[in-house]
Amino acid sequence: MVEKIKQALERAYREREAVLGRTGQPEAEAEIPETEAQESQVSSPLPPGTAATADPILAPVISTSPTELLDNAPHVEINTRLLSSRRVVTFDDSHPAIESYRLLRTQLLQRHERDKVNSFGITSPNPDEGKTLTSVNLAISLARSADLRVILLDADISNPSTHALFGMRVEHGLIDYLGGTVPLDKLLVKLNIPHLWFGPGRIVRESLMERTGMGGFEHLLELLASDERNILIADLPPVLA
């Protein structure tokens, strides 16, 4: 599954580069509601002394163990009472949609136990089809029911929005780790939901996306999935966008 997630991201990256090559113009940034942008997003510039370059920048190699990484992750408090207003329903056992998420959770746990699969990617053909909402609801459902460590990773590089469902403000995200400007122990956070960790994303300048290599993403997935007690849920880019 790690290899399939990597292949999906690389395919989306190549298709995006082909579009840019044909048009000669950068793609328009995906829009998010203004209220969510004000509430949940803080853009961070490159650190002082980091010069722009056309060469890809690589994420650092991770030497720590996944257990140590998760145990030492900083804690972030989110307001769980507001989740239902953002359609995160897996805290509400009476919600009509809860059974659908429970069924999906059961299928994932069966794959985890039978086939030792612990990395799952959530995607969709096009934007705005519910993949991020599914990722968050599934991750919370897993965290609430299984004696496992659930890691939710916002891997939609061009339009990260998972943090908005949590009502979080982010200063750095996965793109900063892949770009080598933020270490992994500053990316992953422990939420005030038992057994749930989160790696956010943030919207960045087009130039930083173009310079970021994806080699560190493969290493990150392999590290987080190397412990059988972990389940990784990656919110991926839409495949046709």
Side-chain angles (χ1 to χ4, degrees), residues 1-10 12-13 58-76 104-105 107-123 131-132 134-157 160 162-163 165-166 168 170 172-202 212-237:
M1 180 58 69
V2 169
E3 183 64 23
K4 290 182 179 179
I5 293 175
K6 178 193 172 188
Q7 291 173 357
L9 285 175
E10 288 180 342
Y13 184 82
L58 302 176
V61 174
I62 309 163
S63 59
T64 187
S65 70
T67 300
E68 181 182 2
L69 193 65
L70 298 181
D71 287 346
N72 295 330
H75 287 235
V76 171
L104 183 58
R105 177 194 69 197
Q107 293 173 339
L108 263 65
L109 288 175
Q110 288 174 345
R111 288 291 307 277
H112 172 73
E113 295 171 2
R114 182 183 68 242
D115 303 326
K116 308 304 179 184
V117 175
N118 55 351
S119 297
F120 299 91
I122 310 297
T123 187
K131 66 177 184 60
T132 298
T134 299
S135 300
V136 172
N137 276 295
L138 177 59
I140 293 177
S141 182
L142 284 165
R144 293 187 66 200
S145 65
D147 188 20
L148 298 165
R149 297 177 301 198
V150 181
I151 305 162
L152 175 63
L153 187 66
D154 192 338
D156 190 347
I157 298 296
T162 310
H163 61 278
L165 293 179
F166 288 133
M168 290 176 56
V170 297
H172 44 250
L174 177 62
I175 191 72
D176 300 292
Y177 163 74
L178 295 177
T181 61
V182 169
L184 188 56
D185 59 3
K186 301 297 183 183
L187 171 65
L188 295 176
V189 298
K190 175 68 179 71
L191 300 181
N192 56 314
I193 298 173
H195 311 298
L196 183 60
W197 284 258
F198 177 47
R202 73 174 181 92
T212 300
M214 295 303 293
F217 187 73
E218 178 183 10
H219 184 69
L220 172 62
L221 292 181
E222 290 175 347
L223 172 76
L224 297 179
S226 63
D227 192 319
E228 63 182 14
R229 294 170 297 173
N230 295 350
I231 285 188
L232 174 65
I233 304 295
D235 180 19
L236 299 176

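For the single chain, residues carry numbers from 1 onward in sequence order.
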Residue pair Leu152, Ser135: steps toward the side chain to side chain contact (heavy atoms under 4.5 Å, CB included) verdict:
CA-CA 8 Å; Leu152 175 63; Ser135 300; 4.1 Å; yes
Side chain to side chain contact (heavy atoms under 4.5 Å, CB included) between Arg111 and Phe120, intermediate numbers included
CA-CA 10 Å; Arg111 288 291 307 277; Phe120 299 91; 4.3 Å; yes
Show the numbers, then the answer: is there a side chain to side chain contact (heavy atoms under 4.5 Å, CB included) between His195 and Asp147?
CA-CA 8 Å; His195 311 298; Asp147 188 20; 4.2 Å; yes
Worked check of side chain to side chain contact (heavy atoms under 4.5 Å, CB included) between Leu69 and Asp185
CA-CA 6 Å; Leu69 193 65; Asp185 59 3; 4.1 Å; yes
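For the side-chain contact (heavy atoms from CB on, under 4.5 Å) test, residues two or more places apart in sequence or in another chain that qualify with Thr67 are Ser65, Asp71, Arg149, Asp227, Arg229.
The closest side-chain heavy-atom distance from Leu232 to Asn118 is not below 4.5 Å. For the pair Val76/Met168, a side-chain contact is recorded, criterion being any heavy-atom separation below 4.5 Å from C-beta on. Residues Val117 and His112 fail the side-chain proximity criterion, which asks for heavy atoms closer than 4.5 Å. When side chains are defined from C-beta on, Leu109 counts as touching Ile231, because their heavy atoms get closer than 4.5 Å. Proximity of Leu70 to Ile151: side-chain heavy atoms (C-beta onward) are separated by under 4.5 Å at one or more points. At least one side-chain heavy atom of Leu108 sits under 4.5 Å from a side-chain heavy atom of Leu138. With a 4.5 Å cut-off on side-chain heavy atoms, Ser145 and Arg105 count as touching. Counting heavy atoms from C-beta on, the side chains of Leu153 and Phe198 never come closer than 4.5 Å.
Closest approach of Val150 and Ala139 over heavy atoms only: CG1-O, 3.7 Å. Contact detail for Leu196 and Ala143: the closest heavy-atom pair is CB-CB, 4.0 Å. Taking every heavy atom of both residues into account, Leu236 and Gly121 meet most closely at CD1-CA, 3.8 Å.
Around the CD atom of Glu228, the shell of radius 6.0 Å holds no more than 12 heavy atoms that belong to other residues, nucleotides or ligands.
Formation of a donor-acceptor pair under 3.5 Å by the Ser119 side chain with backbone atoms of Ala225 is not found in this model. Side-chain atoms of Trp197 never come within 3.5 Å of backbone atoms of Leu188 as a donor-acceptor pair (strictly under, hydrogens ignored). Although no hydrogens or angles enter the test, the distance criterion places no donor-acceptor pair under 3.5 Å between the side chain of Asp235 and the main chain of Ala155. Lys186 places no side-chain N or O within 3.5 Å of a backbone atom of Val189 that could act as its donor or acceptor partner. No side-chain donor-acceptor contact under 3.5 Å links Asp176 to the backbone of Val182. No donor-acceptor pair under 3.5 Å is formed between the side chain of Asn72 and the backbone N or O of Pro74.
With rounding to the nearest 0.5 Å, the separation of CG in Leu184 from CG in Leu178 is 10.0 Å.
Applying the side chain to side chain contact (heavy atoms under 4.5 Å, CB included) test between Pro200 and each of Asp154, Leu187, Leu174 identifies Leu187 as the sole match.
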